[in-house]
Amino acid sequence: MTVVHPIARAWITTGGTGAQNYDEFADDAEITAIIEANPHSALGIEMPHRAPESLGKSFLDALPDAVARLAEAKADGSYTPAEQVVVLYRISAPQEEPAYGLFAMVDTDQISTSADEPGLVIRNEDVFIAKVRERVALAEALGHLLSPVLLLQTGRGDELHAALTAATESAGAPAATDTDQAGRTHAIWLLGPGPRQDELTALAGGGELVVADGNHRSLAAQTGGLPRFLSVVTTPASVAIQPYNRLVSELTTTGDELLDRLRAVGAEITPVDGPVEVPATGGTVVLRLAGQGYAVRLPHADGAGRLENLDHALVERLLLRDALGLDPGDKRITYVGGDYPASWLTGEVDAGRAELAILIAPVTVDDFVAVNLAREKMPRKSTWFTPKARGGLVVAELPRPTL
């Protein structure tokens, strides 16, 4: 038996509904602008309080607006229904190798968060519980899931990659395509019951599945009591990890005092002349304060393992908690994914909208997999996988609760 299953009742885009996932933005105003430019975007359903006509409402108060938008999208033909399908998924762009995945449902009771908790689905990061509660409330209000959890097949990834490549090449014209903000083309094909569907679900569920993107969504499925959650199962050959940086809007001390506190715990600090860049490899992080950048080598903990000495863990512990007294969930910290270049973060500091930018080298895939297979948790927002699975292409209708 596999832990990956067809979608009992799916709603498939007919075009124009695709969207970045709700948590890919550093600025809420971007969400509003996207929805305003494309009212059919699924983002208006996922983030109802950011839609232009709902501004000023809280997330919970805007949930009826989300329900109305989804109903309208289904009624106006933006989505078409399908039964008992998995959906082939390919993301392509010039000068890039195609990425492949499979939209399907995955058993929630397979989620494991520690070594003593059985399950094939490994969730790997600490989360912000307020975001989880929002995802639970949205699923309960809509009765549908629009944004998939991205799962990395670590056991049979090469076999799955080959099978997905062959399946898409023989599938004919896609059911729909969508172009994202980076110019990548997202294409989907429906695959109904039969031997090929059985083969792909078996391969997709044939080894440990690591949550590459969607820790909040997967925990929301558990918290909300969903038996299964919407996923895109992908392969190691289909993904890369980009930087995940931080902006601090308001420091709790002066910039000079922050540097002195870091030196006091053994950090080596070197001024950076000219523009700052994200480090290419780990071991050094880059800070940007008003008018000046610094390369900072944070001290490793003697005797600690791989996880404790990751750059993201050192930043969270030594810089944010110890030097600034900030919990990682503090509202003054914005987590900025790899779609935003170093120049954007520097610009936020130079314009006075933030007081500190922290640039961190991307986690390696080897480190990511090793930490997860050991059932340890990555620091919050430490892996920005690309390309991202796009929301609003495949919507899973949830079964109605029985009385």
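All of these numbers come straight from a predicted model, not from anything done at the bench. Just so it is clear, the values below take in all heavy atoms, side chains as well, and ignore hydrogens, waters and symmetry mates.
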Apply salt bridge (charged side-chain N to carboxylate O under 4.0 Å, His left out) to Glu159 and Arg156, showing your working. CA-CA 5 Å; Glu159 294 174 81; Arg156 302 183 71 181; 2.9 Å; yes

Please report the C-alpha distance between Glu36 and Arg50 in whole Å, then the side-chain angles of each, then the deciding distance to 0.1 Å, and finally whether the salt bridge (charged side-chain N to carboxylate O under 4.0 Å, His left out) criterion is met. CA-CA 10 Å; Glu36 186 172 25; Arg50 300 302 177 199; over 6 Å; no

Could you go through the salt bridge (charged side-chain N to carboxylate O under 4.0 Å, His left out) check for Arg321 and Asp327 one step at a time? CA-CA 6 Å; Arg321 287 188 185 277; Asp327 181 86; 3.5 Å; yes

Glu24 and Asn21: side-chain hydrogen bond (donor to acceptor under 3.5 Å, both in side chains), yes or no, with the steps? CA-CA 6 Å; Glu24 294 183 34; Asn21 290 296; 3.1 Å; yes

Applying side chain to side chain contact (heavy atoms under 4.5 Å, CB included) to Val248 and Glu355, what does each step give before you reach the verdict? CA-CA 6 Å; Val248 181; Glu355 294 189 350; 5.9 Å; no

Val121 vs Val211, side chain to side chain contact (heavy atoms under 4.5 Å, CB included): CA-CA, chis, key distance, verdict: CA-CA 7 Å; Val121 178; Val211 177; 4.1 Å; yes

Start with the C-alpha distance between Lys388 and His186, add both sets of side-chain angles, then the distance that settles side-chain hydrogen bond (donor to acceptor under 3.5 Å, both in side chains), and finish with yes or no. CA-CA 10 Å; Lys388 296 281 190 185; His186 298 245; over 6 Å; no

Show the numbers, then the answer: is there a side chain to side chain contact (heavy atoms under 4.5 Å, CB included) between Val336 and Leu345? CA-CA 8 Å; Val336 183; Leu345 287 104; 4.3 Å; yes

Val233 vs Leu160, side chain to side chain contact (heavy atoms under 4.5 Å, CB included): CA-CA, chis, key distance, verdict: CA-CA 9 Å; Val233 181; Leu160 178 61; 3.9 Å; yes

Does Arg184 form a side-chain hydrogen bond (donor to acceptor under 3.5 Å, both in side chains) with Ser92? I'd like the steps, not just the answer. CA-CA 6 Å; Arg184 297 186 179 97; Ser92 57; over 6 Å; no

Audit row: Thr254, Asp256, side-chain hydrogen bond (donor to acceptor under 3.5 Å, both in side chains) steps and yes/no: CA-CA 5 Å; Thr254 66; Asp256 288 342; 5.6 Å; no

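Interatomic distance, Ser343 OG to Arg288 CZ, rounded to the nearest 0.5 Å: 11.5 Å. Taking OG of Ser218 as the start and CG of Leu209 as the end, the distance is 11.5 Å to the nearest 0.5 Å. Note that CG of Leu320 and CG of Asp330 are 9.0 Å apart. Values are rounded to the nearest 0.5 Å. Atom CG of Asp23 is separated from atom CZ of Arg135 by 8.0 Å, given to the nearest 0.5 angstrom. We find the OG1-CE distance between Thr201 and Met105 to be 14.0 Å, quoted to the nearest 0.5 Å. Here the CG-CG distance, from Leu319 to Leu287, works out to 5.5 Å after rounding to the nearest 0.5 Å.
Taking both residues in full, the closest heavy atoms of Ala175 and Leu190 are given as CB-CD1, 3.7 Å, listed atom of the first, atom of the second, then distance. Across all non-hydrogen atoms, the minimal contact from Leu203 to Gln153 is O-NE2, 3.4 Å. The two atoms that bring Leu359 and Val278 nearest to each other are CD2-N, 3.7 Å, heavy atoms only. Listed here is the closest heavy atom pair of Gly347 and Arg353: O-NH2, 4.1 Å. Between Pro243 and Pro362 the shortest heavy-atom distance is N-CB, 3.8 Å. Residues Pro379 and Glu316 come closest through the heavy atom pair CB-OE1, 4.1 Å.
Residues Asp180 and Arg390 meet the side-chain proximity criterion, which asks for heavy atoms closer than 4.5 Å.
Panel note: side chain Gln292, backbone Val272; a donor-acceptor pair is recorded below 3.5 Å. In this structure, the side chain of Asp311 engages the main chain of Gly283 through a donor-acceptor pair within 3.5 Å. Using a distance-only test at 3.5 Å, with no hydrogens or angles considered, a donor-acceptor pair links the side chain of Gln197 to the main chain of Gly192. A donor-acceptor contact shorter than 3.5 Å is absent between the side chain of Tyr294 and the backbone of Leu289. Formation of a donor-acceptor pair under 3.5 Å by the Ser112 side chain with backbone atoms of Leu120 is not found in this model. Under the 3.5 Å distance criterion, the side-chain polar atoms of Arg9 are left unmatched by any main-chain donor or acceptor of Glu397. Counting only distance, with no hydrogens or angles, the side chain of Thr14 and the backbone of Gly77 share a donor-acceptor pair below 3.5 Å.
Applying side-chain contact (heavy atoms from CB on, under 4.5 Å) to Arg123 and the options Met378, Glu117, Gln222 leaves one that passes, Gln222. Screening Val132, Thr223, Ile129 for a side-chain contact (heavy atoms from CB on, under 4.5 Å) involving His216 leaves a single residue, Val132.
In this pair, Tyr100 and His161 present their aromatic rings perpendicular. The plane angle is above 60°, beyond the 30 to 60° band.
Screening residues 376-399 for ring pair (Phe, Tyr, Trp, His ring centres under 6.0 Å) gives Tyr244-Trp384, Phe368-Phe385 as the qualifying pairs, with residues at least two apart or on separate chains.
For Phe25 and Tyr340, the ring centers sit 6.0 Å or farther from each other.
Arg90 pairs by the side chain to side chain donor-acceptor pair (under 3.5 Å) definition with nothing, not counting sequence neighbours.
More than 12 heavy atoms of other residues, nucleotides or ligands lie within 6.0 Å of CG in Asp61, so this atom counts as buried by the packing criterion.
Between the side chains of Ser231 and Arg217, no donor N or O sits under 3.5 Å from an acceptor N or O.
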